[in-house]
Every structure is written in structure tokens, then in C-alpha cells.
2 protein chains.
Amino acid sequence: MSIKRKTKSLNAILSVFEQREEALSVVDLVDEFKDDMNKTTVYRILERLENEGVIHSFTGSKGLMWYAKCQTCTTHHHHDVHPHFECKDCGKVECLELEIEIPQINNRHIDSASIMLQGQCADCIKK
Amino acid sequence: MSIKRKTKSLNAILSVFEQREEALSVVDLVDEFKDDMNKTTVYRILERLENEGVIHSFTGSKGLMWYAKCQTCTTHHHHDVHPHFECKDCGKVECLELEIEIPQINNRHIDSASIMLQGQCADCIKK
DNA sequence: AAATTAACGCAACTTAGTTGCAAAAATAAT
DNA sequence: ATTATTTTTGCAACTAAGTTGCGTTAATTT
Ligand SMILES: [Mn+2]
Ligand SMILES: [Mn+2]
Ligand SMILES: [Zn+2]
Ligand SMILES: [Zn+2]
């Protein structure tokens with residue numbers, strides 16, 4: 001299902017992604033908008049935005065769903081197989097616009113990879 | 001909490017890991033032993049085995065917990081930061097004893113990585 | 001055999017995510 | 001501008017994974 005109408009709710013969520021560079025967990029988004037919209041709505045808007053190639057999703061280290069803005073994706077053509085970074089101190093999650101070469105393993109046919117790097121972000125190193 | 005007693009239940013779960021090379025999801029284990037032990041027991045035994053360095057855990061692509069036998073780990077000294085492989089066709093998950101060099105990113109301090117490769121396993125390619 | 005400790009079962013709970021359906025809002029048709 | 005159609009939303013109920021508290025059982029010590 002694609003986006004038929006750009007509603008107030010959709011624009012609210014969209015603007016969050018446009019204003020900050022980091023990824024957002026669905027849990028945080030549901031919480032952030034808990035006074036404005038139902039959690040089902042949040043899930044459905046994220047689904048629509050992903051189908052449109054506006055945002056992409058991935059699974060964080062604790063198994064939660066995360067979303068982040070896409071850079072060069074279009075409808076049904078996601079090409080963001082980039083690694084992600086998670087700060088162990090502040091919990092921040094970021095997309096890494098960085099090519100990691102996926103090794104080909106004996107006898108297997110590998111076509112994608114989810115790579116999550118963990119450590120300290122720039123801000124947290126200083127502290 | 002470490003292992004104080006090697007019970008029947010613990011040995012049953014342990015032997016599963018010793019008999020097959022692949023990783024196992026907790027969901028599958030709970031199901032496999034549903035007639036023999038409570039799911040809480042399964043979770044707790046896995047926790048103990050992990051603390052002992054007998055098995056290690058990781059999060060699969062759907063956010064589920066997976067466990068696999070450790071190769072060279074000891075109590076509180078896990079060094080299995082290896083990538084994992086998930087077959088999109090049959091669902092099999094395997095540890096890859098393979099070094100992937102973790103890139104150092106500008107300003108960040110990266111100390112670990114979860115890498116999940118996806119594709120077709122050797123068996124499923126043939127079909 | 002009695003006391004202590006570790007492991008287990010069970011039920012109840014939490015949290016993330018999903019589904020069905022009716023109501024509301026937006027768009028299109030008349 | 002009404003009316004009809006379609007899309008979006010809220011709500012409540014549900015599923016599934018994982019956790020917690022507590023009383024009971026089982027293993028180990030004394
Ligand atoms: Mn990303
Ligand atoms: Mn492994
Ligand atoms: Zn940080
Ligand atoms: Zn396979």
C-alpha cells in the first residue's frame with residue numbers, strides 16, 4: 001500500500017525524520033506521539049513511508065524496529081544495505097553511509113547483510 | 001548466576017547444541033521441549049549456559065533470540081564476535097567462523113559488531 | 001534424616017507488534 | 001453543495017516473545 005493522502009499525522013512523523021539525522025525506534029516514536037495519534041497509526045504511517053522509499057527499517061540490537069530516512073531510495077527500490085551504528089552509552093542509532101564488502105562464503109549465496117556496529121559515539125567519547 | 005547443578009533438563013538442552021551445528025532460536029527450543037519442561041526453564045537454562053561460555057546468543061533478523069554453541073569461550077569471556085548467516089529459504093541460521101574486519105569510523109569508537117548475512121544455504125541452492 | 005540451596009512449574013505480567021471493524025476525514029462524483 | 005467513494009484513523013482485542021514472583025520439588029550438604 002502506498003501513500004494516497006499526506007495527512008497531518010503523516011506529515012508530523014515525516015518532519016521528525018527530516019529534522020534529525022539519527023534513526024528512531026518505533027517505540028520512541030509511539031511515545032513521542034502518544035498524545036497526538038494512536039500507536040497503530042504510527043506503525044501504519046511508517047509502513048507507508050517505507051513502501052514509498054522515504055524511510056527504511058532495520059532491527060536494532062534489542063530486536064526493536066528502527067527507522068531512518070533514506071538517501072537515494074524510491075518506491076519499491078530500497079538500496080540501503082548500509083551498516084548502522086549504535087552508541088552503547090546514549091543509545092543513539094545512526095546510518096553509516098559506508099560500503100562494507102560482503103564476503104562470499106563457500107557454497108552459499110549471500111545477497112544481503114545486516115550490519116550493526118556498536119561502540120561510543122562522538123559526543124559520548126568526550127564525556 | 002552460574003551452573004550449580006547439571007540437571008536432566010539442562011543436559012537435554014545441552015545435547016541439542018552438541019548434536020547439531022546450526023544455531024537454534026529460543027522459540028524453536030521452547031517448542032521442541034514443550035512436553036518436557038516449562039518455557040521459563042528453557043530461558044533460564046539458556047541464560048546459565050551462556051554465562052558459562054557454553055553457548056552464545058544473538059538477535060536474528062526478525063528480532064528473535066538465537067543461541068549457538070561457542071567454540072573457544074569460557075565463563076564471562078565470550079569472544080564470538082563472528083558473523084552469522086541466515087538462509088532465506090529454509091530459515092537455517094549458522095555461525096560463520098570468519099573474520100570480518102570492523103572498520104573504524106571517524107570520531108567514533110567501535111568495539112563490537114553484529115553481522116547477519118542473508119541468502120541461500122548450500123542445501124537450498126541445489127533445489 | 002534434617003537443613004540448605006538450586007532448579008523448576010505455574011500463573012500472571014510486560015512489551016512490541018498486529019488485526020478487524022467501525023468512525024472520521026479527505027477526495028471525487030454528481 | 002450534496003452525496004458517494006475511498007483512505008485514514010482510533011479503539012479494543014489479540015498474538016507472541018520474554019520476564020518475574022513465589023511456592024514446590026529436587027539435589028546437595030551437614
Ligand atoms: Mn540506515
Ligand atoms: Mn555464533
Ligand atoms: Zn552516544
Ligand atoms: Zn537453506
Side-chain angles (χ1 to χ4, degrees), chain A residues 1-17 23-52 54-68 75-76 84 86 91 93 114 116, chain B residues 1-17 23-52 54-68 75-76 84 86 91 93 114 116:
Chain A
M1 204 48 74
S2 62
I3 299 172
K4 300 287 164 60
R5 291 172 197 176
K6 283 214 166 187
T7 62
K8 196 171 49 174
S9 300
L10 187 140
N11 281 320
I13 290 184
L14 196 52
S15 74
V16 171
F17 284 102
L24 290 152
S25 76
V26 183
V27 173
D28 289 340
L29 278 166
V30 167
D31 185 67
E32 188 166 336
F33 288 105
K34 66 171 177 292
D35 297 328
D36 307 308
M37 66 188 91
N38 192 271
K39 73 168 175 175
T40 314
T41 306
V42 176
Y43 277 96
R44 291 197 272 228
I45 288 173
L46 292 170
E47 189 185 12
R48 274 180 268 157
L49 288 173
E50 183 165 30
N51 287 339
E52 284 298 299
V54 179
I55 58 177
H56 62 280
S57 67
F58 54 96
T59 303
S61 66
K62 289 152 206 144
L64 296 188
M65 281 287 265
W66 288 76
Y67 282 91
T75 313
H76 286 210
H84 293 97
E86 186 173 11
V93 173
S114 329
M116 178 65 82
Chain B
M1 206 45 74
S2 63
I3 299 172
K4 301 286 163 61
R5 290 172 197 175
K6 283 214 168 186
T7 61
K8 195 171 50 175
S9 300
L10 188 139
N11 282 320
I13 290 184
L14 196 52
S15 74
V16 172
F17 284 101
L24 290 152
S25 76
V26 183
V27 173
D28 288 340
L29 278 167
V30 167
D31 185 66
E32 188 165 337
F33 288 105
K34 66 172 178 291
D35 297 327
D36 308 307
M37 64 189 93
N38 192 271
K39 73 168 174 174
T40 313
T41 304
V42 176
Y43 278 97
R44 291 198 272 228
I45 288 174
L46 292 170
E47 189 184 12
R48 273 180 267 157
L49 289 173
E50 182 166 30
N51 288 339
E52 285 298 299
V54 179
I55 57 177
H56 63 280
S57 67
F58 54 95
T59 304
S61 66
K62 287 153 206 143
L64 295 188
M65 281 286 265
W66 287 76
Y67 281 91
T75 313
H76 287 209
H84 294 96
E86 186 173 11
V93 173
S114 329
M116 178 64 82

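Here is the naming used below: chain letters follow the sequence lines, and residue numbers restart at 1 for every chain.
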K.L.:
How many whole angstroms separate atom NZ of B:Lys4 from atom C1' of D:dA26?
P.N.:
16 Å

K.L.:
So, does A:Thr59 use its side chain to make a donor-acceptor pair with the main chain of B:Lys62 at under 3.5 Å?
P.N.:
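No, because the side chain of A:Thr59 does not come within donor-acceptor range (under 3.5 Å) of the backbone of B:Lys62.
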
K.L.:
What is the separation between atom OH on B:Tyr43 and atom C1' on C:dT14, rounded to the nearest whole Å?
P.N.:
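Going from OH in B:Tyr43 over to C1' in C:dT14 covers 13 Å.
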
K.L.:
Evaluate the side-chain proximity of A:Met37 to A:Arg44: yes if any heavy-atom separation is below 4.5 Å, no if none is.
P.N.:
no

K.L.:
Quick one: A:Leu46 CG to C:dT18 P, roughly how many Å, whole number?
P.N.:
11 Å

K.L.:
Within the 4.0 Å heavy-atom criterion, would you say A:Val30 contacts the bases, only the backbone, or no part of the nucleic acid?
P.N.:
nothing

K.L.:
Across nucleotides 9-14 of chain D, 5' to 3', mark each nucleotide with B, S or - according to how protein heavy atoms within less than 4.0 Å reach it.
P.N.:
BBBB--

K.L.:
If I take atom CG in residue B:Leu29 and atom C1' in nucleotide D:dA17, what distance separates them, rounded to the nearest angstrom?
P.N.:
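Rounded to whole Å, this separation is 14 Å.
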
K.L.:
Of A:Val54, A:Ile45, A:Leu46, which is the lone residue that meets side chain to side chain contact (heavy atoms under 4.5 Å, CB included) with A:Leu10?
P.N.:
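Looking at A:Val54, A:Ile45, A:Leu46, the match for A:Leu10 under the side chain to side chain contact (heavy atoms under 4.5 Å, CB included) is A:Ile45.
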
K.L.:
Hey, can you tell me if A:Phe17 and A:Tyr67 have their rings parallel, tilted or perpendicular (30° and 60° cut-offs)?
P.N.:
perpendicular

K.L.:
Give a yes or no on whether a donor-acceptor pair under 3.5 Å exists between the nucleobase atoms of C:dT27, that is its base, and the side chain of A:Arg5.
P.N.:
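Result: no qualifying N/O pair found.
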
K.L.:
Just the rounded figure in Å: distance from C1' of C:dA25 to NZ of A:Lys6.
P.N.:
18 Å

K.L.:
For B:Ser9, what residues pass the side chain to side chain donor-acceptor pair (under 3.5 Å) criterion, not counting sequence neighbours?
P.N.:
none

K.L.:
For B:Lys34, which residues count as a side chain to side chain donor-acceptor pair (under 3.5 Å) partner, sequence neighbours excluded?
P.N.:
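Expected list: B:Asp31.
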
K.L.:
A:Asn11 has an atom CG; how far is it from atom P of C:dA25, in whole Å?
P.N.:
17 Å

K.L.:
In whole angstrom, what separates B:Ile3's CD1 from D:dA27's P?
P.N.:
16 Å

K.L.:
Output the rounded distance in Å from CH2 (B:Trp66) to P (D:dA17).
P.N.:
12 Å

